[in-house]
Amino acid sequence: MKKKFLKISNDLIKNSLDNGPLAFIFRTKVHAIIVFNIYGSERITFENLCKNLDSVASRTTIQTILIEGVKKNYLTKEVDNADKRKKHYNCINLKVTLENWYKNNKSIFN
């Protein structure tokens, strides 16, 4: 069992040193939490993220990570047609990366 945790640790280290999307996702625990929250929700607003993560990160930290993710084209931001003040975030550009990462780590725990 303990060796499986070492495999996960090594995977996280390897991914955080990479220059690709996994490096963005695993830069900090807050990055990972935000990405996982967005991906699990498919479309979520900044305000909803702040409510979900109020005990984990400040609004400024969340906003900074979202801006970085959009700038690097890992996250997308769409304006709500009904309420132009709302912007929805999604991780469609990270779908393959996240699903492959999940499958790889699932095999470690099985």
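Every heavy atom of this structure was used, including side-chain atoms; hydrogens, water molecules and symmetry mates were not. Given the structure is predicted, the values throughout are model-derived calculations rather than measurements. We're numbering straight along the sequence, starting at 1.
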Engineer: Check each of Ile33, Ile44, Ile62, Ile34 against Asn52 using the side-chain contact (heavy atoms from CB on, under 4.5 Å) test, and report the only one that passes.
Structural biologist: Ile44
Engineer: Do Leu75 and Ile92 touch side chain to side chain, with heavy atoms closer than 4.5 Å?
Structural biologist: no
Engineer: Strictly by modelled atom types, are Ser58 and Thr61 linked by a side-chain donor-acceptor pair under 3.5 Å?
Structural biologist: yes
Engineer: In Å and rounded to the nearest 0.5 Å, what is the CG to NZ distance from Asn104 to Lys106?
Structural biologist: 12.0 Å
Engineer: Looking at side-chain heavy atoms only, is the closest gap between Leu66 and Leu49 below 4.5 Å?
Structural biologist: yes
Engineer: Above 12 or not: heavy atoms from other molecules or residues under 6.0 Å from NZ of Lys95?
Structural biologist: no
Engineer: Backbone N or O of Thr60 within a donor-acceptor pair of the Thr64 side chain at under 3.5 Å?
Structural biologist: yes
Engineer: Are Leu98 and Phe36 close enough that some pair of their side-chain heavy atoms sits under 4.5 Å apart?
Structural biologist: yes
Engineer: Given His88, which of Asp80, Asn48, Thr45, Thr76 fulfils the side chain to side chain donor-acceptor pair (under 3.5 Å) condition?
Structural biologist: Asp80
Engineer: Quick one, Phe26 with His31, criterion side-chain contact (heavy atoms from CB on, under 4.5 Å). Give me CA distance, side-chain angles, the key distance, then yes/no.
Structural biologist: CA-CA 6 Å; Phe26 294 114; His31 278 75; over 6 Å; no
Engineer: Locate the shortest heavy-atom distance separating Val79 from Lys84; write the atom from each residue and the value.
Structural biologist: CG1-O, 3.6 Å
Engineer: Look at Arg59 together with Glu47 and state whether they make a salt bridge at an N to O cut-off of under 4.0 Å.
Structural biologist: yes
Engineer: Flag the pair Asn105 / Ile8 as yes when at least one side-chain heavy-atom distance between them is below 4.5 Å, and no otherwise.
Structural biologist: yes
Engineer: Any donor and acceptor pair, going by atom type alone, linking the side chain of Asp11 with main-chain N or O of Lys7 inside 3.5 Å?
Structural biologist: no
Engineer: Any sub-3.5 Å donor-acceptor pair from Asn93's side-chain atoms to Asn73's backbone N or O?
Structural biologist: yes
Engineer: Grab the two heavy atoms, one from Asn90 and one from Ile38, that are nearest each other, plus how far apart they are.
Structural biologist: CA-CG2, 3.5 Å
Engineer: Over 60° means perpendicular and under 30° means parallel, so tell me whether Tyr74 and Phe24 are parallel, tilted or perpendicular.
Structural biologist: tilted
Engineer: Do the non-hydrogen side-chain atoms of Lys77 and Val70 ever get within less than 4.5 Å of each other?
Structural biologist: yes
Engineer: May I ask you to decide whether Lys87 forms a salt bridge with Glu78, counting only side-chain N to carboxylate O separations under 4.0 Å?
Structural biologist: no
Engineer: Indicate, with yes or no, if Ile25 and Val56 share a hydrophobic cluster defined by side-chain heavy-atom contacts under 4.5 Å among Ile, Leu, Val, Met, Phe, Trp and Tyr.
Structural biologist: yes
Engineer: Identify the two heavy atoms, one from Ala57 and one from Val30, that lie closest to each other, and give their separation to 0.1 Å.
Structural biologist: CB-CG1, 3.7 Å
Engineer: Does the side chain of Tyr39 reach to within under 4.5 Å of the side chain of Tyr89, using non-hydrogen atoms?
Structural biologist: no
